[in-house]
Amino acid sequence: MTPTHPLPALILLLTSLVALITCPHSKVEESFNLQASYDLFYHGIELAWSKKSRLLQTPLSASREHDTCDVSAVEEANESCVGWNTLPYDHIRFPGVVPRTFFGAFILSYLARLFAYTIPKQLFHLGSHPMFVQFLIRLELLLLSWFAHLRLAKAVDGYFTRRTRQQSKTPRQTKTASITSTTIGNYYLLITASQFHIPFYSSRLLPNTFALLLVTHAYADWFRGQYRLTAMYLVFTTAIFRCDMLLLLFTVGLSMLIQRQLTVMQAMAIGVGTGLLGLAATVPLDSLLWGRFIWPEFEVWWFNTVDNRSSEWGEMVWHWYFSKALPKGLLFTALLAPLAFMKVPELVDRLERKKSKDFDLVDRSLIPFFAPILGFVALYSLLPHKEIRFIFPALPMFNVCSAYGMSRLHHVAFSDGNTSTNPKQNKTYWFGKAMYLCGFGAIALTMTASLVFLRMSMENYPGGVALERLRSHLVGTVPGGNGIKSKWNSVHVHVNVAAAMTGVSLFGQRHASIRRVHDKDTEYFEGPFTIEKSGYEDRNKLDGNTKSEKLAFTHLLTERSSVDGYHLLEVIKGSPRLEIKNARISTQDAIFIFEKDDWRR
């Protein structure tokens with residue numbers, strides 16, 4: 001599975017790891033899977049299973065007497081039973097706008113659990129280091145994503161090797177074609193590594209990331225000629241992680257039918273069989289944890305399509321994906337993509353050698369793969385609400401095109417025909433080198449811009465940073481600060497919506513609220529103290545504004561710059577903005593950390 005040269009693969013791994021390490025917190029888009037991973041690692045599904053069993057086994061009369069709800073209501077919604085609402089799962093209190101699947105979080109959290117079981121607790125107790133658990137879970141997703149891109153790179157190399165060997169007429173042409181084709185996968189990995197979005201989001205627990213992982217595997221099998229596996233991956237992804245992948249399934253499936261790579265009966269059999277397999281994977285698990293019979297992606301589809309409520313989160317012009325999102329995602333490497341279809345470097349080379357006769361300018365190698373992806377983006381453009389993460393599945397195929405274009409420049413610059421005993425007299429030699437340097441310059445500029453984006457992203461999680469800084473103030477590690485000794489368990493923190501949406505996670509809460517205490521020859525853990533979060537749900541609209549609420553909290557994380565009865569501990573910057581004229585990243589006050597007056601006395 002290793003590409004011809006390991007360096008591009010290592011660069012992709014390195015850029016992804018740098019993004020993971022420098023931006024350890026998460027925003028609201030990935031909060032569901034991150035909080036679910038916490039719950040499944042520390043609580044598992046056993047609590048839900050045992051609670052559900054007890055509720056279903058409770059006699060009807062006893063249920064009405066003690067819980068004031070009947071057994072049939074348990075099947076309708078978890079809110080109807082007080083017993084179900086006592087479970088510690090985050091999604092019960094903060095269900096979000098639409099339900100999501102636990103399938104991805106379940107896989108990652110139980111892999112982390114398996115890792116914890118293999119290490120003796122006397123040597124290292126993984127559960128006592130919640131931030132490391134979060135890092136491990138995200139690292140698992142990163143490695144799975146990285147492997148998918150390696151597999152795609154290898155598949156692309158194999159596709160072009162087979163294609164060029166079939167077209168070559170002499171052994172020398174076959175050898176040259178084989179050498180050229182093996183550079184495409186390497187350039188794919190290098191181009192992907194130079195961009196911002198795929199390396200950055202490869203460790204982010206978004207449904208889009210899980211979908212991108214499986215779609216990348218689907219592309220790999222597509223290039224290998226494994227059309228049934230390609231369709232199975234897409235159906236599975238649609239059923240479990242992202243219902244909008246139905247658009248990609250439609251365009252890719254239609255292409256396969258037109259090219260007779262699949263028959264209608266085969267497509268129907270794959271759709272029904274894999275669809276049922278996907279339902280078997282998601283419905284039982286999600287129904288157990290949500291407390292009701294549910295297929296999450298169907299409800300998401302209904303919310304976005306039938307109710308048409310996705311536009312409540314903003315609308316963009318129809319061409320936004322083409323005019324804004326794709327240029328931002330691809331950056332300067334987008335300039336290489338047209339070279340996948342136009343043999344411009346070879347044409348210039350042949351004109352210089354006066355061998356342009358019977359030359360076909362158009363390269364059709366990638367059109368059967370690229371056209372369905374272009375159709376996918378075009379269909380998605382019809383929906384009013386747009387975000388760049390929605391078209392993540394298109395980025396790998398665009399990068400394949402850019403890699404093919406870059407390999408074309410590589411071939412012109414380093415082919416056997418572009419050499420001379422006196423290079424100064426060989427115009428083709430210099431032209432080939434110049435074009436190649438321009439291509440490599442596009443990759444370098446993309447990498448530079450991605451580093452700027454990464455630096456901006458580091459300032460994008462003020463809520464998570466604020467919680468860390470509050471802990472530093474409490475333990476006394478802030479320069480000039482005094483920690484608390486005897487009031488740790490009495491700390492009561494309120495996290496408002498702005499802070500909760502910009503980096504506060506259950507892993508961070510557990511880390512912040514527990515401290516290791518050394519007392520003479522003994523060592524023990526103290527905490528956790530209480531942390532309460534606000535949310536958009538009516539029952540979670542707690543903002544610390546009323547007098548009774550203020551008295552209950554010893555500390556506040558809020559976007560408000562002043563609160564009566566509290567004094568400011570620290571201000572965390574956020575909302576980064578790039579000032580090109582001044583060549584700097586500007587920030588503004590985002591989250592304020594307050595402590596109740598006279599609380600330490």
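Values in this document were obtained by computation on a predicted structure and should not be read as measured data.
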Original post:
Relative to each other, are the rings of Phe298 and Trp295 parallel, tilted or perpendicular (30° and 60° limits)?
Top reply: parallel
**OP:** Quick one: sort the His217 and Phe147 rings into parallel, tilted or perpendicular, breaks at 30° and 60°.
**Re:** tilted
Original post:
What residues, two or more places apart in sequence or in another chain, satisfy salt bridge (Lys or Arg N to Asp or Glu O under 4.0 Å) together with Glu29?
Top reply: none
Original post:
Are the aromatic ring centres of Phe124 and Phe132 under 6.0 angstrom apart?
Top reply: yes
Subject >> Test of ring centre spacing under 6.0 Å for Phe102 and Trp290 >> reply: yes
Original post:
How long is the span from the CH2 atom in Trp320 to the CD1 atom in Ile388, to the nearest 0.5 Å?
Top reply: 6.0 Å
**OP:** Can you measure from CD1 (Ile45) to OH (Tyr89) and round to the nearest 0.5 angstrom?
**Re:** 7.5 Å
Subject >> Partner of Leu557 under side chain to side chain contact (heavy atoms under 4.5 Å, CB included), chosen from Thr502, Ile572, Leu467 >> reply: Leu467
Original post:
Under the salt bridge (charged side-chain N to carboxylate O under 4.0 Å, His left out) rule, what pairs show up with a residue in residues 108-133, not counting sequence neighbours?
Top reply: Glu46-Arg113
**OP:** Any side-chain hydrogen bond (donor to acceptor under 3.5 Å, both in side chains) involving residues 205-215? Give me the pairs, sequence neighbours left out, ordered by first then second residue.
**Re:** Asn208-Arg389
Original post:
For the residue pair Ala193 and Pro199, what are the closest heavy atoms and their distance?
Top reply: O-CG, 3.9 Å
Subject >> Contact check, side chains of Val133 and Tyr42, non-hydrogen atoms, under 4.5 Å >> reply: yes
